[in-house]
Amino acid sequence: MKRCAVFALLLSVAVLGAVEINPWDFLSDKAMIGAAVRIDSTRQVSDDLLASGAYVEVKVSVPGNATLGGAHVRLLSDVGGNLTAAGAAVEIAGEIKGKAYVAGASLQLDGTFNDSLVAGGAVIFLRGHLKGPVRLSAAEIYIEDGAVIEDTLRYSAGRVHIAEGAVLKSGTREFVPEPKEKPEVEKKRPSRTFGRWLIGTIIAFLLFAGAGLFVSLVFPRHFKNVTGRVMVNPGFSALTGGIALLASPLVLFIVILLFAS
C-alpha cells in the first residue's frame, strides 16, 4: 500500500511537472521534483533519493534507497539500497544491491540486480544479470540474448520469448496464472404475483376449513352451541381464542415434556 501511494504521488507530480519549472529541492538533497529532472556528476546524493518529473535521468550513484517516478525514467547508475521505479517507460542500467520493484508500460531491464526483482508492465525486455529470485508479470516478456538469471524465475504473461543466448542457471521456471474471480451469481427472488397470492390464500383457507371440520367432528358436543356463545360476547371470545392460539406452542411443549419424563 505504501509503494502504491508513492507511485500515485510520483505520477501525479509528473503530470503537474509538464509546466516549465526548474527542479527544486524538496527535502535537502533527498528529493527533486520538476518537469525534467537530471541528476549527474554536478550533484551528489549522500543518502536516499526521491525524484519525479516528466523526464527523470539519474547518472550519479545513490548510496541509499532510490524512488523514481515519471513519464520516462532512466537509471544509469548504481543504487546501494532498494529501488522503486514507476513510469510509462522505465530503463534500468545500473547495479541494484537491494530489492527492486519496477512498474510501467514498457520496461527495459539491463542492469545487475543482486537481490530480488519484482517487475510488472505491458512489455518487459530483460537483458540484465539477475542474481536473486525474479517475478515478472506482463502481457509480453522478452528474455533476450545476454540475460543471466541465477535464481528462480516466476512469471505471469500472455507470451514469453526466451532467446537462445539467455542463461537460466537454476533451470527453474514457473508459470503463475492470474487468479480468476468467479462472478457472484445474484439469486433472484421470484416476484409475487396476484395469481400466486390467490392460490396461496385458497390453499390456506382449505387447510383451516379442513382443520375446523375435523375438530367439529371429533368434539360435536363442544361445538354445538359455539355460534351462540360467540354472538353473545364476541370481544371476549376473540380475546380468549387469541390467548389460546399464542399459548398453544407452550402447551405442546409441556405435553411433550410430560410424556418424555
Side-chain angles (χ1 to χ4, degrees), residues 1-15 17-18 36-37 49-58 62 65-79 81-163 166 168 172-181:
M1 292 297 294
K2 186 181 294 184
R3 294 193 184 94
C4 294
V6 172
F7 285 169
L9 174 62
L10 294 176
L11 293 178
S12 61
V13 172
V15 174
V37 177
L49 174 65
L50 169 64
S52 175
Y55 178 79
V56 176
E57 184 179 74
V58 181
V62 180
N65 302 325
T67 304
L68 312 175
H72 190 180
V73 176
R74 299 184 69 201
L75 176 63
L76 308 177
S77 58
D78 301 338
V79 176
N82 299 332
L83 169 66
T84 302
V90 179
E91 302 175 31
I92 308 295
E95 181 180 2
I96 314 301
K97 295 184 179 180
K99 301 179 184 296
Y101 305 92
V102 186
S106 175
L107 306 181
Q108 184 174 325
L109 307 176
D110 301 335
T112 300
F113 299 85
N114 295 324
D115 207 322
S116 61
L117 168 66
V118 178
V123 183
I124 297 177
F125 300 93
L126 184 62
R127 288 189 290 266
H129 187 176
L130 293 86
K131 300 179 181 180
V134 182
R135 185 178 184 118
L136 307 176
S137 178
E140 202 158 6
I141 297 175
Y142 293 87
I143 301 178
E144 300 183 339
D145 190 7
V148 178
I149 300 177
E150 297 186 7
D151 209 317
T152 304
L153 168 63
R154 303 183 69 191
Y155 65 89
S156 173
R159 287 184 293 181
V160 178
H161 310 272
I162 302 178
L168 276 67
T172 305
R173 288 184 293 166
E174 180 182 355
F175 173 70
V176 183
E178 296 182 356
K180 296 182 179 179
E181 297 182 357

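The figures that follow rest on heavy atoms only: side chains count, while hydrogens, waters and symmetry mates do not. Just so we're clear, the structure is a prediction, and the values are computed from it rather than from any experiment.
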Problem set entry | Separation of Ile162 CD1 from Ile149 CD1 (nearest 0.5 Å) |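 Answer for the CD1-CD1 pair, Ile149 versus Ile162, is 7.5 Å.
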
Problem set entry | Pairwise distance OG1(Thr152) to CZ(Arg135) - rounded to 0.5 angstrom |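 Reported value, rounded in 0.5 Å steps: 12.0 Å.
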
For this session: Before giving the answer on side-chain contact (heavy atoms from CB on, under 4.5 Å), spell out for Leu76 and Glu57 the whole-Å C-alpha distance, their side-chain angles and the decisive distance to 0.1 Å.
Result: CA-CA 8 Å; Leu76 308 177; Glu57 184 179 74; 4.3 Å; yes

For this session: Could you pull out all residues at least two apart from Glu140 that satisfy side chain to side chain donor-acceptor pair (under 3.5 Å)?
Result: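 Per chain and number, Glu140 pairs via side chain to side chain donor-acceptor pair (under 3.5 Å) with Tyr142, Arg159, His161.
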
For this session: Report the C-alpha separation of Leu68 and Leu75 in whole Å, then their side-chain angles, then the decisive distance to 0.1 Å, and conclude whether the side-chain contact (heavy atoms from CB on, under 4.5 Å) test is met.
Result: CA-CA 9 Å; Leu68 312 175; Leu75 176 63; 4.2 Å; yes

For this session: Not counting sequence neighbours, which residues clear salt bridge (Lys or Arg N to Asp or Glu O under 4.0 Å) with Asp110? List them please.
Result: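 Scan of Asp110 (salt bridge (Lys or Arg N to Asp or Glu O under 4.0 Å), adjacent residues dropped) gives Arg127.
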
Work out which heavy atom in [X] is nearest to a heavy atom in [Y]; give both atom names and the distance.
X	Y	answer
Ala157	Ile141	CB-CD1, 3.6 Å
Ile96	Gly81	CG2-O, 4.0 Å
Ser137	Ile124	O-CD1, 3.9 Å
Val62	Asn65	CG1-O, 3.8 Å
Val90	Ala103	CG2-O, 3.8 Å
Ala166	Ile143	CB-CG2, 3.8 Å

Exercise. Mind checking whether Tyr55 and Val37 have side chains closer than 4.5 Å, heavy atoms only?
Worked result: no

For this session: State, with a plain yes or no, whether a side-chain heavy atom of Ile92 is found less than 4.5 Å away from one of Val73.
Result: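 No; the side chains remain at least 4.5 Å from each other.
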
For residues 112-122, dump all side-chain donor-acceptor pairs below 3.5 Å to protein atoms at least two apart in sequence or in another chain.
residue: Asn114; atom: OD1; partner: Lys131; partner atom: NZ; Å: 3.4
residue: Asn114; atom: ND2; partner: Glu95; partner atom: OE2; Å: 3.0

For this session: Could you check Val58 against Leu49 for side-chain contact (heavy atoms from CB on, under 4.5 Å), going step by step and ending with a plain yes or no?
Result: CA-CA 10 Å; Val58 181; Leu49 174 65; 4.2 Å; yes

